[in-house]
Number of protein chains: 2
Amino acid sequence: MVTIKEIAKLANVSRGTVDRVIHERGNYSEAIGKKVKKILEKVDYKPNIIARSLVSKKAITFGVFLPKPHQDEKYWELPEQGIKKAEKELETYKVKIIYFHYNKNSKTSFKNCFDKILKKKDELDGLLIAPSMSEFTKKEFIKKIPDGIPYVFFDSYVPNSKCISYIGQNSVQSGSLAAKLMKLLICGKGTVGIIRMVPKDYHIDDRIKSFSDFFNKNKEIKVRIYEINGTTFNKLLQNIFEENSNLRGIFVPSAGAGRVAEYIKEKRIKRNVHIIGYDLTTRNRSFLKKGVIDFLLSQRPEVQGYEGIMTLFRHVVLKEKVKKEQILPIDILTKENLKNY
Amino acid sequence: MVTIKEIAKLANVSRGTVDRVIHERGNYSEAIGKKVKKILEKVDYKPNIIARSLVSKKAITFGVFLPKPHQDEKYWELPEQGIKKAEKELETYKVKIIYFHYNKNSKTSFKNCFDKILKKKDELDGLLIAPSMSEFTKKEFIKKIPDGIPYVFFDSYVPNSKCISYIGQNSVQSGSLAAKLMKLLICGKGTVGIIRMVPKDYHIDDRIKSFSDFFNKNKEIKVRIYEINGTTFNKLLQNIFEENSNLRGIFVPSAGAGRVAEYIKEKRIKRNVHIIGYDLTTRNRSFLKKGVIDFLLSQRPEVQGYEGIMTLFRHVVLKEKVKKEQILPIDILTKENLKNY
DNA sequence: AATATTGCTGTGCTCGTGCACAATAAGTCG
DNA sequence: CGACTTATTGTGCACGAGCACAGCAATATT
């Protein structure tokens with residue numbers, strides 16, 4: 001490891017001058033600036049972050065902008081766990097995190113919450129954002145993020161933004177994987193229902209599309225999409241079962257598969273209907289365990305939260321280059337492998 | 001964060017005395033020892049590892065004892081990647097790693113390699129061990145690990161050892177999960193062959209046992225176990241296909257599924273036989289992509305290596321308590337979700 | 001009584017970096 | 001020429017912990 005002291009010796013100047021050049025704080029002659037920069041590059045100088053964080057008294061503060069933890073069947077607790085893990089790990093580097101929770105079904109809440117961020121903008125050194133709202137709102141609010149505050153998206157993203165990184169999944173792949181598993185479950189024939197519960201979320205639409213596409217060539221399997229619009233959940237499910245005597249599978253592209261499973265249990269439906277859903281919420285977990293849900297696909301929400309904060313840290317504190325896209329693997333969960341997640 | 005300086009003030013002694021009490025270096029009176037210890041406990045003193053690693057000049061060295069990277073279809077490259085990742089991350093804490101590679105098919109190599117460790121025992125602050133040999137050898141050599149060198153097992157383990165942690169998988173779960181997927185693949189009927197390639201490895205036996213047990217109640221599916229003993233690989237496979245006209249699936253409980261897939265491709269076997277295997281080796285990956293292998297189960301070898309080193313670090317450097325067992329989730333890989341692993 | 005030993009306690013330096021401030025040289029102005 | 005500004009460079013302290021060594025009483029030894 002090359003230190004500032006050693007570089008100062010090489011350039012025949014003092015530590016202070018090298019320091020000024022490194023941080024471009026000015027107050028040095030052009031000639032010496034060039035000379036020092038050349039040496040810095042030659043020896044590939046990397047500051048010792050340990051010493052740096054030891055001496056620097058100012059804390060780093062990251063803001064996290066995400067839905068309230070209990071929403072989507074408590075799904076949002078999961079990324080928050082990962083964020084908390086990163087927070088603990090980075091404690092010695094004086095990294096603090098401020099949470100901004102919004103109600104993901106209310107534009108007002110979304111706006112109010114974002115206003116709070118704007119008020120605190122001078123304290124924030126970075127933002128981690130889960131933008132789960134309609135395209136319009138996303139675009140509106142992205143513009144307002146103050147210049148100079150780097151931000152990372154996770155779970156979902158906004159096209160053409162200046163985010164330093166996106167951490168998430170490949171929804172298209174995940175949809176076709178679900179289709180493959182469904183085909184196996186129903187032994188290649190029958191009708192499959194898709195239940196869309198969450199309105200207008202682009203990555204859920206992607207899942208639905210690639211799931212449907214998988215079966216388009218296949219004439220033995222029919223796919224029908226059902227939406228919750230105006231009708232109640234129970235009524236919708238009643239319809240689905242009545243309409244399709246040959247219903248063999250249900251695909252729930254959001255975290256709501258547990259509700260379908262609950263309906264089947266409560267109404268004591270005897271038909272052998274297979275369910276594939278998403279995300280390891282408490283309810284989903286319990287019905288996967290019982291065997292009512294066959295497969296759950298997961299997108300590692302804890303890892304997303306954790307890596308989100310770590311990415312900000314690497315960019316802001318370590319000044320490293322970070323990957324623009326960090327696509328995480330899709331996990332397939334079943335009764336058998338559930339235990340250790 | 002409470003510092004030694006502050007504690008010294010509280011106890012009305014000097015920093016040096018507090019330091020002596022913390023490290024039990026002696027040279028302090030009993031009364032002051034008690035007093036300082038009480039305060040340490042009260043304020044829950046945690047040393048600042050940043051400052052500590054900045055000042056301490058002595059490097060920490062961990063030894064890693066594992067099979068040569070190219071063995072088992074290059075499987076052992078994978079945990080080594082994780083180990084290298086941890087090594088890089090811990091560079092600032094002056095952690096060094098020495099690799100000891102043995103030939104996993106030769107007891108002599110195993111012993112020679114272990115002797116090298118014994119020679120270097122004074123330099124080692126910890127050991128990460130992948131004990132992939134017969135029970136006998138394992139027991140023999142565990143005894144010889146010098147007292148005072150903490151060690152962690154990964155991939156496999158030795159019962160009743162004094163290891164500080166084991167990082168690995170649940171082989172029983174993994175076997176029954178494979179069976180579940182196989183049942184789906186072959187639509188609930190036919191014959192399934194199990195091919196055992198690796199001799200006497202306890203976790204592979206576990207996989208086979210729980211795989212077989214899953215089908216014991218099921219009369220429509222027959223399971224047969226084949227071993228490579230004396231015969232060549234090609235001959236064995238030829239036999240399997242000739243003997244079983246109703247062969248619908250092959251389960252390879254080791255990393256060798258790719259070789260089976262290769263055989264099928266080369267001999268242009270037209271029968272629709274489904275393959276489930278283990279581990280993301282280069283060959284396995286390519287045949288999974290082509291659709292010849294249906295599923296690969298993975299035990300996150302990179303994570304195992306990474307967590308192995310981090311566990312040693314937490315125990316040796318941070319003096320934290322570590323979990324005795326760290327069971328990792330089983331990943332199900334298919335053509336569709338392969339891309340991001 | 002002078003010196004050595006023992007038992008305990010306090011101080012000062014180190015690590016690499018950041019930052020405030022001191023120091024120096026060169027030039028400007030009255 | 002002396003006072004002053006400005007540009008540039010050097011130095012000292014701080015961060016928290018570890019460790020060597022100095023200091024200093026109270027005994028022990030000669």
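Residue numbering restarts at 1 for every chain, and letters A, B, ... go by the order of the sequence lines.
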> What's the NZ-C1' distance between K94(A) and dT17(C), to the nearest Å?
Replying inline: 12 Å
Provide a list of protein-nucleic acid N or O atom pairs under 3.5 angstrom, restricted to nucleotides 19-22 of chain D.
from: dC19(D); atom 1: OP2; to: R25(B); atom 2: NH1; distance (Å): 2.7

> Out of dT9(D), dA17(D), dC15(D), which nucleotide sits closest to the side chain of I32(A)?
Replying inline: dT9(D)
>> If you only use heavy atoms from C-beta on, which nucleotide in dG16(C), dC15(C), dT9(C) is closest to the side chain of V55(A)?
In response: dG16(C)
>> Can you tell me which residue among E87(B), E89(B), Q81(B) is in a side-chain hydrogen bond (donor to acceptor under 3.5 Å, both in side chains) with Y306(B)?
In response: E89(B)
> Which word best sums up how the rings of Y102(B) and F65(B) line up, parallel for under 30°, tilted for 30 to 60°, or perpendicular for over 60°?
Replying inline: tilted
>> Quick one about E325(B) and S165(B) (side-chain donor to acceptor, distance below 3.5 Å, no hydrogens or angles considered), yes or no?
In response: no
>> A cation-pi test, strictly: NZ or CZ of K323(A) under 6.0 Å from the centre of the six-membered ring of Y166(A) and no more than 45 degrees from its axis. Yes or no?
In response: no
> Whole Å only: how far is the OH atom of Y93(A) from the C1' atom of dG16(C)?
Replying inline: 14 Å
>> Going by the rule ring-ring contact (aromatic ring centres under 6.0 Å, His included), which residues pair with F100(A) if we only count those two or more places apart in sequence or in a different chain?
In response: none
> Separation of L54(A) atom CG from dC15(D) atom C1', in whole Å?
Replying inline: 4 Å
> How do E30(B) and A51(B) order along DNA chain C: which one's closest nucleotide is nearer the 5' end?
Replying inline: E30(B)
>> Nearest to the T17(A) side chain among dT11(C), dT9(D), dC15(C), which nucleotide is it?
In response: dT9(D)
> CD of E6(B) versus P of dA14(D): gap in Å, rounded?
Replying inline: 15 Å
> Separation of K9(A) atom NZ from dG16(C) atom P, in whole Å?
Replying inline: 13 Å
> Phosphate oxygens OP1/OP2 of dG16(C): is one of them under 4.0 Å from a side-chain N or O of T3(A)?
Replying inline: no
>> Go nucleotide by nucleotide along DNA chain D from the 5' end; which of N12(A) and I4(B) gets its closest nucleotide reached first?
In response: N12(A)
>> Return whichever of K5(A) or S29(B) has its heavy-atom-nearest nucleotide of DNA chain C closer to the 5' end.
In response: S29(B)
>> What's N27(B) touching, base or sugar-phosphate or nothing? Going by heavy atoms closer than 4.0 Å.
In response: base
> Are H101(A) and Q71(A) close enough that a side-chain donor and a side-chain acceptor fall under 3.5 Å?
Replying inline: no
>> In this structure, how many angstroms lie between the C1' atom of dG16(C) and the CD1 atom of I49(B), rounded?
In response: 16 Å
> To the nearest angstrom, how far is E91(A) atom CD from dG16(D) atom P?
Replying inline: 14 Å
>> In this structure, is the centre-to-centre distance between the rings of F141(A) and F114(A) below 6.0 Å?
In response: yes
>> If I take atom CZ in residue R52(B) and atom P in nucleotide dG16(C), what distance separates them, rounded to the nearest angstrom?
In response: 18 Å
